[in-house]
Amino acid sequence: TPLTNIRAYAETLSQGVLDDEQTIRECYNVIMGETQRLNRLVEDILNVSQLEVGSARLDVGEVQLDKLLRSVVQDTQGAADAKNIDLVLSLPAKVPQLRGDKERLAVVMTNLVGNAIKYTPAGGRVDVRCVAENGRVRVSVTDTGIGIRKEDQERIFEKFYRVDDERVSAIPGTGLGLAIVKETVRLHGGAVFVESTPGQGSTFTVTLPALAVDESATSRTVKV
Ligand code: ADP
C-alpha cells in the first residue's frame, strides 16, 4: 500500500545513512508519488462512500454537454498522445442540454475516457460519441483495448473490483472509478452499461435524461 512505501522510504531518509544525492532524491520522489496515490485513493473512497450513504449533494444546474465533453477530451489528450492513441470526439447536430452537476458529470466522463486510454494498447483508438434520442442523451466511449470478459462485466462496477489480468494490474488504479460512475449516473436519473469483446475493445454507454436540444448547432467531429 502507499503508506507502507511512504513509511519505509521516510525511515531510510531519517536514519541519515544515505550520502548519495541521487538516491536521496529518488527517495523523496517515491514519497511524493505515493502521497499523490494515497490522496487519489482517499478522494475516491470519500466520493464513493458519500454517494452510497446518500449524503452527496448534487450541485444541479444546466450542463452544456458539448463543452463538458470537449474539456474532458482536452484534459485526457496528453495521456492519449503518450500512448499514440487516437482520441476522437463526435458531437451531433443538435447538442442535448442536461440538468445536472457538471463537476460530477465531468468526473464520470473523465473516468470513462481515462479507462479507455488506460486499458487500450499503444496505437489504438478511443471514440467519444454523443447522440440524443427520445428525451435522453446517450454518451458512449468506445475503445480498441483489451476488452472485458462476460463474467467480469457486471462486477467491474463494484467497489475495488479490478479484473484479474496482468495487463490490468500493471496499471495503477483503485477499482473505484466505475463505482463512482454508476452511482453518480444513477443519482442523475440515468444508467450506465458496458458491451465488450475480449481482445477487441469495449463500449461504455451512459444515458441521461435530456433537457432540451440546441437547434442551432451543426454536426461535427472534433479532433482536439
Ligand atoms: P481502476 O481503473 O482504478 O482499476 P475502475 O473502477 O475504473 O477502476 O475499473 C474497474 C476495472 O474494470 C478495471 O480495473 C479494469 O479491469 C476494468 N475496466 C474498466 N474500464 C475498462 C476498459 N475500457 N477496458 C477494459 N477494462 C476496463
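Atoms within each ligand, like the ligands themselves, are counted from 1 in listed order. Note: hydrogens, waters and symmetry copies are ignored here, and every other heavy atom, side chains too, is used.
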Per-ligand residue contacts, ligand 1, heavy-atom threshold under 4.0 Å: Asn115, Ala116, Lys118, Tyr119, Asp143, Ile146, Gly147, Ile148, Ile156, Tyr161, Arg162, Val163, Val168, Gly173, Thr174, Gly175, Leu176, Gly177, Leu178, Ser202, Phe204
Could you pull out all residues at least two apart from [X] that satisfy salt bridge (Lys or Arg N to Asp or Glu O under 4.0 Å)?
| X | result |
| --- | --- |
| Arg99 | none |
| Glu11 | Arg7 |
| Glu158 | Arg155 |

Closest heavy-atom pair and its distance - Leu98, Pro209: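 It is CD2-O, 3.2 Å.
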Whether over 12 other heavy atoms sit under 6.0 Å from Tyr9 OH: no
Side-chain heavy atoms of Lys159 within contact of Glu52, under 4.5 Å: yes
